[in-house]
Protein chains: 2
Amino acid sequence: MTGNWYQDGEHVNSVAIADRGFSYGDGLFETIAVRNGEPRLWDAHVARLQLACRRLAIQEPEVDTLLSQIQGALATDSHNDGDALVKIIVTRGSSARGYAVARNMDPTILIGVFDHHRPPTKNYTQGIHTRICHSRLATQPQTAGMKLLGRVDQVLARMEWNDPQIAEGIMLDQQGALICGTMSNVFMVKDKRILTPEIVNCGVSGIMRGHILELLRIRRRIVEVAEFNFETLASAGEMFICNSQFGIWPVARCGQKRFSAWPTTRDVMGYLRESGVLEGPP
Amino acid sequence: MTGNWYQDGEHVNSVAIADRGFSYGDGLFETIAVRNGEPRLWDAHVARLQLACRRLAIQEPEVDTLLSQIQGALATDSHNDGDALVKIIVTRGSSARGYAVARNMDPTILIGVFDHHRPPTKNYTQGIHTRICHSRLATQPQTAGMKLLGRVDQVLARMEWNDPQIAEGIMLDQQGALICGTMSNVFMVKDKRILTPEIVNCGVSGIMRGHILELLRIRRRIVEVAEFNFETLASAGEMFICNSQFGIWPVARCGQKRFSAWPTTRDVMGYLRESGVLEGPP
């Protein structure tokens, strides 16, 4: 389903062709899990959205207004029973043709409410199958980490497979380093060290990734945020992916590499539950 | 002005929020000069559009239908007297949330008609001032050359200056090679050799660039399509930029480098006129 969209409290289905979000991908988005009526990890989503607005020099939405618009949209929307997915799109707004940006542009702020689809339990218990994608991420340090509207890298990667047994595709950067999934971030475990690729030249600084890193810091687990490649994968003992909706899925297969036990991953899934991210079987 | 847009012969102002062109930049565009009622260099624009559709696996528009829709839009539109700018946007169409692409999606095809604004004569006679942009182009070989909707690199580059005396910004790749302007391609001249950056990892394969290269081939001029950097610029005797709307503008200044005579550029401007691209003073 395509969701119900709201702008300034009104139900909308369309956006102006002259909106720069459409003409130039000149905007960004956030995808937030709503549980028991509350946007989860709200502060972190807001912080990333504000950072992205600043980097693009788009006027930042007023946070209290944004939250009350989301709550209004959730109250209006009959589809949800407290659990939902909210997508916020912020664009620079409409302009004449051409890349030049006028002063004091009026950003477009859209709030979409979608049903929450609970993933299969086995994704949490047996782990998922993933593939290594041929399509690689563009190198662009100045927008790395952000969720810009333009996602053609991810679309091309996601088009590489139809097999419903494959839950995610893992993407490499132009030099062949492992970066993230099409819709998730990646962690590996090696000798009790918990590894996750640094997001410097491409990829998304996922909100759940950030939350997990914070939980690991509090628990004083050994973490390495660095550049990792196929050799790291080959020698890893565990792998898992995460995103803001599903929490953590252990990885049972990544290309030819198989994993069959996830003791450290189970620890991290426990930390996540204790932090209030109640995804997967209890 | 924001132009008049048409879809299937009907005037439209908006596009669905669920259109993947908006949600994911999942589409492409062409900007075509119309002169005396005819889309100029039509075959080349169509070839690039078709190539981009194939690379993205978007169903290609039927060319005769597209041309007759453009002619219909031009006939409907009262703003133009035979000269106009036509922008074609093709997206993968609307879909549910998520990067996965359904089979047999119905592409969105939009045709925009804009007024033709004749550039200042001095751009052709005295040359233009350009700057070197800090914002660099993303490295992405799999979509290099194409005009994808996502143009944040160009938007960020264009935001670097407000000085109306600067007509264009020149962009580098991640390694510092000169690639193209925010809205144009670049040529340099050195010892009668005509140089233009190769479009391999980033940048747009401009239609006017391709037309000029073909004219130079026919005239048996010495051309080098390769990687060029600041040293090339420093030692070049002439520089010019081109695009499908304005033809060729000599460059009088690029950053600190100045140019004051353009004998070879004038030759190329002559070839262009002889080929029917009648931009600038006779």
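Since the model is a prediction, treat every value here as computed from it, not as a measurement. Side-chain atoms are counted along with the backbone in the values below, which use heavy atoms only and exclude waters and symmetry mates. Chain letters run A, B, ... following the sequence lines, proteins first and then strands; every chain starts at 1.
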Between B/Gln154 and chain A, with a heavy-atom cut-off of 4.5 Å, which part of the residue counts as in contact: side chain, backbone, both or neither? both
Can you find a heavy atom in the side chain of B/Arg20 that is under 4.5 Å from one in the side chain of A/Val155? yes
Taking every heavy-atom pair that is under 4.5 Å apart, which of A/Lys87, A/Met183, A/Arg158 has the most such pairs with chain B? A/Arg158
If I measure from the heavy atoms of chain A, does B/Val101 come under 4.5 Å with its side chain, its backbone, both, or neither? side chain
So if I take each residue of residues 140-151 of chain B and look for any heavy atom under 4.5 Å from a heavy atom in chain A, which residues do I end up with? B/Gln140, B/Pro141, B/Gln142, B/Thr143, B/Leu148, B/Leu149, B/Gly150, B/Arg151
Less than 4.5 Å apart, side chain to side chain, heavy atoms only: is that true for A/Leu156 and B/Arg55? no
To the closest 0.5 Å, what do you measure between CG (B/Asn201) and OG1 (A/Thr139)? 9.0 Å
Heavy-atom count around A/Glu227 CD within 6.0 Å, excluding the residue itself: above 12? no
Relative to chain A, which segment of B/Asn13 carries a heavy atom at a distance below 4.5 Å: side chain, backbone, both, or neither? backbone
Qualifying residues under ring pair (Phe, Tyr, Trp, His ring centres under 6.0 Å), relative to B/His11, sequence neighbours excluded: B/Tyr6
List the residues meeting side-chain hydrogen bond (donor to acceptor under 3.5 Å, both in side chains) with B/Ser184, not counting sequence neighbours, and say none if there are none. B/Glu168
Side chain / backbone / both / neither for B/Ser135 at chain A, heavy atoms under 4.5 Å: both
Under the ring pair (Phe, Tyr, Trp, His ring centres under 6.0 Å) test, residues paired with B/Tyr99 that sit two or more places apart: B/Tyr24
Minimum-distance pair of heavy atoms, taken over all atoms of B/Ala57 and A/Met159: CB-CE, 3.2 Å
Side-chain heavy-atom pair A/Arg97, B/Thr31 within 4.5 angstrom cut-off: yes
Do you know which of A/Val12, A/Asp153, A/Asp173, A/Asp19 has the most heavy-atom pairs with chain B at a distance under 4.5 angstrom? A/Asp153
If I measure from the heavy atoms of chain A, does B/Leu56 come under 4.5 Å with its side chain, its backbone, both, or neither? both
To the nearest 0.5 Å, atom OG1 of B/Thr91 lies from atom CZ of A/Phe22 at 5.5 Å
